[in-house]
K.L.:
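Supplied in structure tokens, the structure appears directly below.
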Amino acid sequence: MSTKEIALFGRNKKSILILLVLFFWSAYVAFTSSQFYMHTLKLADEQIAKRKANLDYILRSSTGALLKEHPDSIRDQLQQARKLKLIDFYILQKEQEVLFFENKSGKVEDLNHNYVNFNTFIEHGNITFKTIKLLDYKLTAGAFTNKHSLVLGIIEDMLFLFIKDIIIVTAMLGFIAYLILKDIINLSKILSSRSRSEIANIKATSAEAETILKASMGLEGERVRLEKLSEVYGETVGPAIRHELKSGKEAPYSFSATLCRIDLNGYTQMFLEKDDKYVTTILNQYFAKAREVIERHGGLIYQFVGDEIVFLFKDETTPDLSSESLAIACIRDLFYEATVIEKNLPEEANHYFKLKGSLAKGTMRFTRLDEGHALSGLPLIESVRLLSLIDDKTHQVLTFFQEASASAEGLAFIFDRKVNQLKGFKEESLLCRSRDFNSIEWVFESNIWERLAYFRSDEHMLFVLKKVRLMAVTRRDDDIVRMLTALKYHKFEHTTQEIVTESELTLTSFMRGEEEGLLSTKALSSVVSLLGRIIPKELWNTSLQDSIAKLLDHKDPRVQANAIVVLGRYGYPARRIWENMFSSNNRVAADTIVEVAKQQLNADVWDALHRLLNSSHPTHKRSGEYALQSILAYYQETDPVFLKANPILSKMQALLIKKSA
């Protein structure tokens, strides 16, 4: 860890309880440790003095036996004294002969010397010894008196009591401090968590805590009010405006897009002839389905004007696809949904339900108004003029400029072309009209797999899943990979149980095919990713979860990574994928870090992220940057307050700012 990063950690604020306990603990430990050490030195000196006294006593008690010339009678006494650690070594010499000895090494040469100083304590290095001479006998005994060793021994004997004392005092201090500061501590925990509704359950015991608590409750109430207000505005303001506001760009600015208009034929007559409840019911049914269809194709609704829907497809949103082709495919599916509604009308309805549509591509401009924001641009006017030219009441018709005809190939049949001068325009334009569209069966018959990107209804998806499941056993791996690649933009918020059932069969078939060598791991990883995008959370089941969970141990990192992302989307427990944060594969590690961080933020997440960011390998470092940005973007979208309050997220933000600088 670099010096700057250590400084970054140092700037992080610690809990007041931790600071208080740490300060007292440091001071108390320093003072107690010094006192303990001084006491230990004193005890060591006392032990040295005691050892000398024991040594002197043992030698004096041996003089009688030596005077009587019965040396063997003191041998047992000396051995017992050594066992009791009153002495550590001894030797009895008579003239040049060693009668007996005992020491740690068991070597007589260590003790067999010509001792000439008698009745005096001799200190030599770490030992103290004394020699007495009686008749022809010389008795020498000694003990180890290394003060450093004695101090360490005393510390070892008393360390448990010392640590026990420290723990008891620290626990008492922490408990007392917690009782005094628990209101502030609990409040800080709640504010830094994602369950701030529990603030109301805190009971303040001090005036300071009461003031902070009231202020926090007021701020939380205001946050909830603004969140609800934002939801109301979000439902009122069209997705297109909301999308631009969230982009962070400062209006005005321009972008390229294809703008569409869909209008209900005969709406005026239905409005005049039917009661409000009937009209409202059928329009809500239509608008709800239309919103889903438009969102599936990546469109952004700008306005609902009576029975008309104005929506657009931005070129920058799906750079690999044609915005005009997306618009045509979307209108095709809207026409189909209108047909379904018309077929289900009661016999007494006495009206048809047919749509007409137009599209025009060009430059759109996002501008700020006196009140709010709006879109402007030539496609808004052109699409109105194009829509006004459709007068066919018996068919659903789409009209567009000749320039978009290439985008219609493989999607729509152009039955009519004619030159027309749009109202308000000086030059004439070649216009195309379509009312019939290519089927998904045609795509499979023609093997034009890239066109699958523009087939996104439930019926289309069900057809594709059944086809690829059958193709999985025919060794058509290349075609399957191309098909699944074309489906990479598919993302469903709602779907049917039938698709879920078919998804389970498809996944099982692909897993078996990959094991048997009929399919590549790329095909398996692609289908895992697809299932994670087309199955809504409310339809996710344990069968799918268990099947994909088996792939967490797959040998291919792509399969592993996609399995982690998919499982994470459906709330798979972080504890089951935690270890993958430290995987040697950078993609697996980065995806796991992101999914675990969405559920829990702790030191392990930070360590795993830090490991990638500090890697010497460029791809690992880029994966770390991806994980860092993804985590911050997730919490910015879901809980901005938690983003600001959580200490780990604060460190991530500081790190991102540092890297940006």
Side-chain angles (χ1 to χ4, degrees), residues 237-241 243-244 255-268 270-271 283 286-315 317 322-339 341 352-366 374-393 395-405 407-408 411-412 414 416 420-425 429 431-435 437 454:
V237 177
I241 298 296
H243 176 83
E244 301 308 325
F255 55 86
S256 178
T258 297
L259 188 125
C260 309
R261 289 181 184 270
I262 292 291
D263 190 52
L264 179 59
N265 277 324
Y267 170 73
T268 302
M270 182 175 65
F271 181 80
L283 282 182
Y286 161 59
F287 285 150
K289 199 64 184 178
R291 178 186 290 272
E292 181 184 340
V293 170
I294 293 169
E295 289 177 349
R296 275 200 184 186
H297 287 80
L300 299 167
I301 297 174
Y302 176 41
Q303 289 176 330
F304 288 96
V305 185
D307 63 313
E308 184 180 58
I309 308 175
V310 184
F311 56 99
L312 58 91
F313 295 86
K314 297 181 68 173
D315 287 357
T317 304
S322 162
S323 63
E324 291 174 301
S325 296
L326 282 169
I328 293 169
C330 181
I331 293 173
R332 172 202 64 211
D333 289 352
L334 288 172
F335 283 2
Y336 172 78
E337 295 299 336
T339 302
I341 293 175
Y352 51 82
F353 198 95
K354 298 187 184 300
L355 304 177
K356 57 183 178 181
S358 65
L359 63 92
K361 182 173 181 177
T363 300
M364 300 293 297
R365 188 170 178 80
F366 182 62
L375 293 173
S376 62
L378 194 58
L380 281 167
I381 303 171
E382 291 175 330
S383 60
V384 170
R385 300 292 184 262
L386 288 171
L387 198 64
S388 66
L389 297 177
I390 301 175
D391 53 7
D392 190 342
K393 306 295 183 181
H395 298 92
Q396 300 187 116
V397 179
L398 166 65
T399 183
F400 48 87
F401 292 109
Q402 169 63 27
E403 290 77 8
S405 59
S407 300
L411 294 174
I414 299 173
D416 181 40
N420 200 314
Q421 185 173 351
L422 300 179
K423 182 180 179 181
F425 290 82
S429 301
L431 309 182
C432 302
R433 291 195 297 170
S434 296
R435 61 188 181 199
F437 300 89
Y454 305 105

K.L.:
So if I apply the side-chain contact (heavy atoms from CB on, under 4.5 Å) rule between His297 and each of Asp333, Leu334, Ile331, which one comes out positive?
P.N.:
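For His297, the side-chain contact (heavy atoms from CB on, under 4.5 Å) test succeeds with only one of Asp333, Leu334, Ile331, which is Asp333.
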K.L.:
With sequence neighbours excluded, tell me which residues meet ring-ring contact (aromatic ring centres under 6.0 Å, His included) with Phe401.
P.N.:
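By the ring-ring contact (aromatic ring centres under 6.0 Å, His included) rule, Phe401 matches no residue at all.
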K.L.:
Identify whether the distance between the nearest side-chain nitrogen and carboxylate oxygen of Arg435 and Asp392 falls below 4.0 Å.
P.N.:
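Asp392 and Arg435: salt-bridged.
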K.L.:
Going by the side-chain contact (heavy atoms from CB on, under 4.5 Å) test, name the single residue among Leu359, Ile309, Leu380, Leu386 that passes it with Arg261.
P.N.:
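Running side-chain contact (heavy atoms from CB on, under 4.5 Å) over Leu359, Ile309, Leu380, Leu386 with Arg261 returns exactly one hit, Leu380.
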K.L.:
Scan Leu411, Thr399, Ile414 and name whichever one has a side-chain contact (heavy atoms from CB on, under 4.5 Å) with Ser434.
P.N.:
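Among Leu411, Thr399, Ile414, the one that satisfies the side-chain contact (heavy atoms from CB on, under 4.5 Å) with Ser434 is Ile414.
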K.L.:
Looking at every non-hydrogen atom in both residues, tell me the closest pair between Leu300 and Pro239 and how far apart they are.
P.N.:
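Answer, listing the atom of Leu300 first, then Pro239: CD2-O, 4.2 Å.
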K.L.:
Please check: side-chain N/O of Gln396 versus main-chain N/O of Leu355, any donor-acceptor pairing under 3.5 Å?
P.N.:
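It does hold such a pair.
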K.L.:
Nearest 0.5 Å please: distance from the OG atom of Ser376 over to the CE atom of Met364.
P.N.:
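Going from the OG atom of Ser376 to the CE atom of Met364 covers 6.5 Å.
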K.L.:
Taking C-beta and beyond as the side chain, do Leu375 and Leu259 meet within less than 4.5 Å on heavy atoms?
P.N.:
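They are not in contact (no side-chain heavy atoms under 4.5 Å apart), so the answer is no.
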K.L.:
Could you go through the side chain to side chain contact (heavy atoms under 4.5 Å, CB included) check for Lys314 and His243 one step at a time?
P.N.:
CA-CA 11 Å; Lys314 297 181 68 173; His243 176 83; 3.9 Å; yes
K.L.:
Can you sort out the partners of Leu378 under side chain to side chain contact (heavy atoms under 4.5 Å, CB included), two or more places apart, ordered by chain and number?
P.N.:
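Partners of Leu378 under the side chain to side chain contact (heavy atoms under 4.5 Å, CB included) test: Glu382, Phe425.
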K.L.:
Okay, side chain of Arg385, backbone of Lys423: is any donor-acceptor separation there less than 3.5 Å?
P.N.:
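Checking the backbone N and O of Lys423 against the side chain of Arg385, a donor-acceptor pair under 3.5 Å is found.
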K.L.:
Identify the two heavy atoms, one from Ile241 and one from Ala374, that lie closest to each other, and give their separation to 0.1 Å.
P.N.:
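Smallest interatomic distance, heavy atoms only, reads CD1-CA, 4.0 Å.
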K.L.:
NZ/Lys356 to CZ/Phe335 distance, rounded to the nearest 0.5 angstrom?
P.N.:
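Going from NZ on Lys356 over to CZ on Phe335, the span is 10.5 Å.
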K.L.:
Looking only at atom types and distance, does a side-chain atom of Tyr454 sit under 3.5 Å from a main-chain N or O of Ile328, one as donor and one as acceptor?
P.N.:
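Pair absent, no side-chain N/O of Tyr454 close to backbone of Ile328.
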K.L.:
Is the closest side-chain heavy-atom distance between Phe313 and Cys260 below 4.5 Å?
P.N.:
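Touching, per the 4.5 Å side-chain cut-off.
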K.L.:
Could you walk me through whether Phe311 and Ile262 pass side chain to side chain contact (heavy atoms under 4.5 Å, CB included), step by step?
P.N.:
CA-CA 9 Å; Phe311 56 99; Ile262 292 291; 3.7 Å; yes
K.L.:
Does the side chain of Ile390 reach to within under 4.5 Å of the side chain of Asn265, using non-hydrogen atoms?
P.N.:
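Not touching, per the 4.5 Å side-chain cut-off.
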K.L.:
How would you list, by chain and number, every residue that makes a side-chain hydrogen bond (donor to acceptor under 3.5 Å, both in side chains) with Ser358, sequence neighbours excluded?
P.N.:
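Ser358 satisfies side-chain hydrogen bond (donor to acceptor under 3.5 Å, both in side chains) with no other residue.
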K.L.:
Could you tell me whether Phe437 and Tyr336 have their ring centroids closer than 6.0 angstrom?
P.N.:
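Phe437 vs Tyr336: aromatic centres not under 6.0 Å.
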K.L.:
Could you walk me through whether Lys361 and Ser256 pass the side chain to side chain contact (heavy atoms under 4.5 Å, CB included) test, one step at a time?
P.N.:
CA-CA 8 Å; Lys361 182 173 181 177; Ser256 178; 3.8 Å; yes
K.L.:
Which distance, rounded to the nearest 0.5 Å, do you find between the CG of Leu422 and the CG of Leu431?
P.N.:
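Output value for this atom pair is 5.5 Å.
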K.L.:
With side chain to side chain contact (heavy atoms under 4.5 Å, CB included) as the criterion, how do Asp416 and Val397 come out once you've worked through the C-alpha distance, each side chain's angles and the decisive distance to 0.1 Å?
P.N.:
CA-CA 11 Å; Asp416 181 40; Val397 179; over 6 Å; no
K.L.:
Mind checking the CZ-CZ spacing from Phe255 to Arg365? Nearest 0.5 Å is all I need.
P.N.:
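Nearest 0.5 Å value for the CZ-CZ distance: 11.0 Å.
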K.L.:
State the OG1-CG distance between Thr258 and Asp315, to the nearest 0.5 angstrom.
P.N.:
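The distance works out to 6.0 Å.
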K.L.:
Are the side chain of Glu324 and the backbone of Ser407 linked by a donor-acceptor contact shorter than 3.5 Å?
P.N.:
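Not confirmed, Glu324 side chain does not pair with Ser407 backbone.
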K.L.:
Hey, could you give me the CG/CG distance between Asp263 and Leu387, rounded to the nearest 0.5 Å?
P.N.:
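The CG atom of Leu387 is 5.0 Å from CG of Asp263, to the nearest 0.5 Å.
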